[in-house]
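This report concerns only the one structure given below.
In this chain, numbering begins with 1 at the start of the sequence shown.
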Amino acid sequence: MVVIILIGISAAFSRDADELDEQSYVLNIGIDSGTVERLRVTVQFPTIADGASGSASKGSESEEEAQPPGYVVAEAEGASFSDCLNMLHYSIPRRVTFLHARQIFVSESLASSDYFPTLLKDIYFLRTFRHKATFIVTQGNAGTMVKAQQPLFGTRISKSIEAALESYRQHGFVPNATLNTVYLDFVTADASALAVYAGIGDKEDLNLPGETEKHGTQDSDYYAGDLPRSGDFPTEYFGAVVFSQDKMTLALTGYEMQMLSMLIGDFQYGGFQVQGIQEGDVVQVLARQVKKPQIKVDIAGPAPVIDVEIMLEGGPHQEISWEEERVVALRISEMLQEQFAEMMERFTTLGLDPMHFGEYAKIFFLTEDDWRAYNWMERMHDAQIHVAVKFVMRSQDVSTNYTR
């Protein structure tokens, strides 16, 4: 009996090993407009054998596209997403599976096209696709973004990207966007979908004029791909894109995404800079969100009225007087309220609701049909949104709770 059990276990491990050798587990997927066909799909997957050497995709020998050791890429074009996958199945001598896919990259031009709803539906309903994969829109070519992935400090590429995204989420620089959240927000009448914004941002010479462009007064007010930095890791995940009901409509900088994270309630901590008491003095402040935003929606009138209250606390990086702390706290509150007003005007003009205010309005309707008849996304054009910010200065490091 013991012998039979041992043989059974041995056979099971043998089958598992055979299955690993017979499959290619796709890690990253990039989707662009094709050159000959409608679409081009680029996939990256790890090799099974230990110590496998890196490879470049067929027909691409440039240094930019060379893969790190243990990873390979493949590309295919087709009239549809399914056709591209079929081409990959035909050309790769293993069974290609997407059950472990970590990231889906879609080019900005494709996400902004009329074809995007069809593409999103095709991806979502593919039976073997991982719905928890992070959904990312790239500033440039999505295939180039896939090929540029590098393991960080010796870790696997999958772990490197997850660690980077988690760090950016904690600061509020990127949303928690998966294939599942993007598709469900895309097809419902409750909210506007959000995706991570990414780009290739390695600057060869930071001293060249025009190499980088900041879009406001805050250090994080850059789009993905525009950060003033250089190094061996060219990929940047910074900011977000907002979808209307049929395509990408708006891109947000990292700082704008931080503000949106406060409205959503996902902001953990981040930095701000404001004018100090003395002219020319800039005070750096590290802040965190004290609790989820307080949101009230009134639909009694012809247009919805939305009131939001955000509570933040933080401390200055440098030593400042008690009097200056009061001034800085007030200026941060006023600055954020003014910037929130500008952001809400942009969203209402475009009829966007990435804040999910519709979820608060929906509770006033008895049936789903009544809610859809109200046409929330259309009414967002006329919505009156007021955001109040209360900032309290604390004499401690808010990220570590270390009292000074």
Lys247 NZ to Leu119 CG distance, which is reported to the nearest 0.5 Å: 14.0 Å

Donor-acceptor side-chain pairing of Asp221 and Thr253 below 3.5 angstrom: yes

Straight-line distance of Ile332 CD1 to Gln273 CD, nearest 0.5 Å: 10.5 Å

Closest heavy-atom pair and its distance - Gly199, Ala224: N-CB, 3.8 Å

Gap between atom CG of Leu194 and atom OG1 of Thr178 - 0.5 Å precision: 11.5 Å

Taking every non-hydrogen atom, the tightest pair across Asp32 and Leu110: C-CD2, 3.9 Å

pair Met344-Leu263: side-chain heavy atoms closer than 4.5 Å: yes

Crowding at CD, Gln284 (>12 non-hydrogen neighbours, <6.0 Å): yes

Val43 side chain reached by Val146 side chain, heavy atoms, under 4.5 Å: no

Ser112 side-chain N/O to Ser109 backbone N/O, donor-acceptor pair under 3.5 Å: no

His89 and Phe98 aromatic ring geometry - parallel, tilted or perpendicular at 30°/60° bounds: perpendicular

Aromatic contact, Phe125 with Tyr183 (centres under 6.0 Å): yes

Residues, nucleotides or ligands: over 12 heavy atoms within 6.0 Å of Glu323 CD: no

Name of the residue among Val26, Thr42, Asp83, Val41 meeting side chain to side chain contact (heavy atoms under 4.5 Å, CB included) with Leu88: Val41

Worked verdict on Met259 versus Gln218 for side-chain contact (heavy atoms from CB on, under 4.5 Å): CA-CA 12 Å; Met259 295 173 59; Gln218 300 301 311; over 6 Å; no

For the student: nearest non-hydrogen atoms of Ser80 and Leu39, plus distance: C-CD1, 3.7 Å

Side chains of Asp190 and Trp376 in contact at under 4.5 Å (non-hydrogen atoms): no

Euclidean distance, Tyr223 OH relative to Glu236 CD, rounded to 0.5 Å: 14.5 Å

From CA spacing to verdict: side-chain contact (heavy atoms from CB on, under 4.5 Å), Ile123, Ile31: CA-CA 11 Å; Ile123 299 173; Ile31 310 172; 3.5 Å; yes

Derivation of the side-chain contact (heavy atoms from CB on, under 4.5 Å) call for Tyr168 and Met257: CA-CA 10 Å; Tyr168 295 144; Met257 185 59 224; over 6 Å; no

Ala193 to Val182 - nearest heavy-atom pair and separation: CB-O, 3.6 Å

Contact check, side chains of Glu309 and Lys296, non-hydrogen atoms, under 4.5 Å: no

Test salt bridge (charged side-chain N to carboxylate O under 4.0 Å, His left out) applied to Glu313 and Lys390, Arg394, Lys291, the passing residue: Arg394

Phe186/Phe135 aromatic ring centres below 6.0 Å: no

Gln149 (side chain) donor-acceptor with Met145 (main chain) under 3.5 angstrom: yes

Polar side-chain atom of His317 near backbone of Val285 as donor-acceptor pair, under 3.5 Å: no

Check against ring-ring contact (aromatic ring centres under 6.0 Å, His included), Phe116 and Phe243: CA-CA 10 Å; Phe116 182 74; Phe243 293 91; 5.1 Å; yes

Leu27 backbone acceptor or donor facing Arg102 side chain under 3.5 Å: no

Steps toward side-chain contact (heavy atoms from CB on, under 4.5 Å) verdict (Thr134, Ile161): CA-CA 10 Å; Thr134 302; Ile161 298 177; over 6 Å; no

Under 3.5 Å side-chain donor-acceptor pair for Gln339 and Tyr255: yes

Asp353 side chain to Gly358 backbone, donor-acceptor under 3.5 Å: yes

Nearest atoms (heavy-atom pairs only) where Met393 meets Val328: CE-CG1, 3.6 Å

Close side-chain approach of Leu260 to Phe347, heavy-atom, < 4.5 Å: yes

Reported OH-to-CD distance for the pair Tyr197 and Glu108, which is rounded to 0.5 angstrom: 3.5 Å

Test item: Ser261 and His171 side chains (from C-beta on) under 4.5 Å apart, heavy atoms: no

Pairwise distance CD(Gln103) to OG1(Thr138) - rounded to 0.5 angstrom: 13.0 Å

For Pro293 against Ile310, the heavy-atom pair lying closest together: CB-CG1, 4.2 Å

Parallel, tilted or perpendicular: rings of Phe173 and Phe238 (30°, 60°): tilted

Heavy-atom donor-acceptor pair, Glu77 side chain to Thr35 backbone, under 3.5 Å: yes

Under 3.5 Å donor-acceptor, Arg379 side chain and Pro304 backbone: no

Minimum side-chain heavy-atom gap Leu352-Ser244 below 4.5 Å: yes

Any donor-acceptor pair under 3.5 Å from Thr181 side chain to Ala177 backbone: no

4.5 Å side-chain heavy-atom contact, Met262 and Phe340: yes

SB check Arg169 Glu166 (cutoff 4.0 Å): yes

